[in-house]
Amino acid sequence: MIRSEVKKVLDDCFAHGVAEGLWSDEAAGKFTVELPKHEGQGDFSTNLALVLAGIEKKNPRQIAQLVAEQLSSHTDLIARVEIAGPGFVNIFIDHDVWRRLIPKIIDRGAAFGKSSVGAGRKVMVEFVSANPTGPLSIGHGRQAILGDSIARLLEATGHDVFREYYYNDAGRQMRVLGESTRARYLELLGEKFTFPEDGYQGEYIVDISRSLIDEQGDGLKDHADVTPFKEQAERYIFKDISSTLERMGIVFDNYYNEHSLYENGLIDDVVAELKAKGYVYEQDNAVWFKTTVFGQEQDRVIIKSSGEPTYRLPDMAYHREKFRRNFDWLVNIFGSDHIATVPDVLAGVKALGYDPDKITVVLHQFVTLTRDGKQVKMSTRKANFITVDELLDEVGVDPVRFFFMMRKADSQLEFDLELAKKQSQENPVYYVQYGYARLCAILRQATEKGFAEPQYDADEARLLTEPEELKLLQTMSTFPSTIEGSALELAPHKIIFYLMELAGQLHSYYNKHKVITDDLPLSRARLCMIKALQVVLKNGLDIVGLSAPQRM
RNA sequence: GCGCCAGUAGCUCAGCUGGAUAGAGCAACGGACUUCUAAUCCGUAGGUCGCAGGUUCGAAUCCUGCCUGGCGUACCA
């Protein structure tokens, strides 16, 4: 918040300099206000003089002198400025400016950090989208948390968010699922059975078969059609998936069934439209989409010679529906194994006359799971995979959410099971939550000792002079821009890092300075700041779906 | 072969889209509980930012070429 004020002042100074003929306006928009890395380099610093020097071919330190003179007249905001290094202008903010943040934060309360940059923007976040062939695996877990956190961040910045799960309950995979279930069913009944070659071997299939026996006895043993097995499996697995999602605090606005695209004729419709526009042709009995027109290396089949569409066709139809449903922004969260589908869908969307720039795809890399120092290969078909449910049982919801958010999507995420279990006491999530609990403890203690609800007083606030206090205030001031950046970049890990930083500063402060002392004015001032910290930490945890325990 | 992603401390990862002296957490070592919660803090140690060029006042960050790992490269999804 303060940074943007500084930027505004700097912009004024820059314009003023242009008006006075000190420099041309060529540098407009090229200079920045940043947070210096090291102590003693001011609260903010600007490279304006360096940028100007490059353009004007002048000595950067001389120009810095001019910039500094302009800036130092803004005494309401800036206490002093310094020229340093090759020509940076370091800006020291008046301490009162930081202190005045406290009432602003407390007054805004739960709304502090939220913004309206996304107001009026309808955005769909599509994520998970796992077909109902088994329980959610670790990889799905990452995607679920990533997608949900992104959705939450977009909500916090005023977007009108719609969470959607796209799934397919038809096709070969589901047929194999039905056959696997039938095989286990027959096995349980002691009948002869043949397990499908690439069938699903998980224990959950046996559970499903058992439930069929409970409901229908052996009445299905001579049933030639796999449909009842398939349907039972789908019902069962979907229930399982949604309960897992619910445990993580994830609720979808809609589950979109791929199959409905066929029923509504939307698949045929897309083919017809592409055909009419000349983007498809037939060859070897298959229908090809001219993806080469859109810059790809080779054309792609959208209808196989068997007459069955490939996955690309329904994907295109689905995305066209997204556009037709009037979303301004389409965010797709995919695993990196789906990377090949992205260009095809984008080409399809473009061919159908929609703007592919409205789609942002977040590709996340895989989660590698290690147990006893060895990597566990995960396969949905084989039985040896860890489900999200098991993970939740072992380490709890908050650590699972936290861990999956800790890494940026581009990075592979290593999840060491042993470590996750062993460390459950010293998990970074507890570090942040403990900070919040501590703040609550201080405020409880204050109440017991007869302090009234913290009330900001400008004079008392001047007693906040410790470097740790000013640092905390500065960090709090960047909360709104951190949320906004994290949301617009679709990068929840930034919030996690912010929270760890803020909690760290708090813990250091706590160990060094006592809030409640015999010095009543100072105690009141500090309690006010603690109250503001509590607001920030609570909001931060809330926004990414973590709980904020008052005691630990 | 081609495309995408990654390569930063012993390990796991940040690094604000080009800034000043490279950051955190684990792990290691040494300290701090008569105190608002020690699930905490303080200190020490740890680096050729994969390699080599290039762009400029300035590069972990941008461009090129290699090397290594992951994921793709289907008439599977």
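Throughout, protein chains are lettered first and strands after them, A, B, ... in sequence-line order, and every chain is numbered starting at 1.
- Taking only side-chain nitrogens and oxygens, A:S411 comes nearer than 4.0 Å to OP1 or OP2 of B:A14.
- RNA chain B forms stems at B:1-7 with B:67-73, B:10-13 with B:23-26, B:28-32 with B:40-44, B:50-54 with B:62-66, each a run of 3 or more consecutive Watson-Crick or G-U wobble pairs whose two key distances fall under 3.5 Å.
- In this structure, the aromatic ring of A:F88 is positioned over the six-membered ring of the base of B:A20, centres within 5.5 Å and planes within 30°.
- Within residues 440-455 of chain A, the residues that have a heavy atom under 4.0 Å from RNA chain B are, in order of number, A:A441, A:I442, A:Q445.
- Of the candidate nucleotides B:C71, B:G19, B:C13, B:C71 has the atom lying nearest to any side-chain atom of A:S336.
- An OP1 or OP2 oxygen of B:A38 is reached within less than 4.0 angstrom by a side-chain nitrogen or oxygen of A:R438.
- In this model, the phosphate group of B:A39 is approached by a side-chain N or O of A:Y434 to a distance below 4.0 Å at OP1 or OP2.
- In the set B:U12, B:A77, B:A39, B:A39 carries the atom at the smallest distance from any side-chain atom of A:M552.
- In this structure, A:K37 does not reach the B:C16 phosphate: none of its side-chain N or O atoms is under 4.0 Å from OP1 or OP2.
- Between A:Y431 and the phosphate of B:C41, there is a side-chain N or O to OP1/OP2 separation shorter than 4.0 Å.
- Considering only side-chain atoms of A:T341, the nucleotide from B:G19, B:A77, B:A14 that sits closest is B:A77.
- On the C1' atoms, B:A24 is 15 Å away from B:C16, given to the nearest whole Å.
- B:U61 and B:G54 have their P atoms separated by 14 Å, given to the nearest Å.
- Between A:K304 and the phosphate of B:C76, there is a side-chain N or O to OP1/OP2 separation shorter than 4.0 Å.
- Judged by the 6.0 Å distance and 45° axis criteria, A:R300 is not positioned over the aromatic ring of A:F289.
- Remark: A:K322 engages A:E126 in a salt bridge, criterion side-chain N to carboxylate O under 4.0 Å.
- Contact check of residues 476-495 of chain A against RNA chain B (heavy atom, cut-off under 4.0 Å) returns A:H493, A:K494.
- Across the C1' atoms, B:A9 and B:G15 are found 15 Å apart, a figure rounded to whole Å.
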Please set out all donor-acceptor pairs under 3.5 angstrom arising from side-chain atoms of residues 502-510 of chain A, sequence neighbours excluded.
residue, atom, partner, partner atom, Å
A:Q505, OE1, A:T475, OG1, 3.0
A:Q505, NE2, A:T475, OG1, 2.9
A:Q505, NE2, A:E501, OE2, 2.6
A:H507, ND1, A:R438, NH1, 3.0
A:H507, NE2, A:Y431, O, 3.0
A:S508, OG, A:G504, O, 3.2
A:Y509, OH, A:E469, OE2, 2.7
A:Y509, OH, A:R526, NE, 3.2

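- Side-chain nitrogen and oxygen atoms of A:H38 include at least one within less than 4.0 Å of the OP1 or OP2 phosphate oxygen of B:G23.
- Ring pair A:W288/A:Y281 is parallel by interplanar angle, where below 30° counts as parallel and above 60° as perpendicular.
- Atom CD in A:E414 sits roughly 14 Å away from atom C1' in B:G25 (whole-Å rounding).
- Residues of residues 507-515 of chain A that place a heavy atom closer than 4.0 Å to RNA chain B, in numerical order, are A:H507, A:S508, A:Y510, A:N511, A:H513, A:K514, A:V515.
- Checked against B:C36, B:G69, B:C16, the side chain of A:Q412 finds its nearest nucleotide in B:G69.
- Annotation: side chain to side chain donor-acceptor pair (under 3.5 Å) contacts involving residues 307-317 of chain A, sequence neighbours excluded, comprise A:R312-A:D344.
- Comparing A:V301 and A:Q41 against RNA chain B, the residue whose closest nucleotide sits nearer the 5' end is A:Q41.
- B:U17 and B:A32: their P atoms are spaced 43 Å apart (whole Å).
- Under the 30°/60° scheme for interplanar angles, the aromatic rings of A:F403 and A:F415 are found to be tilted.
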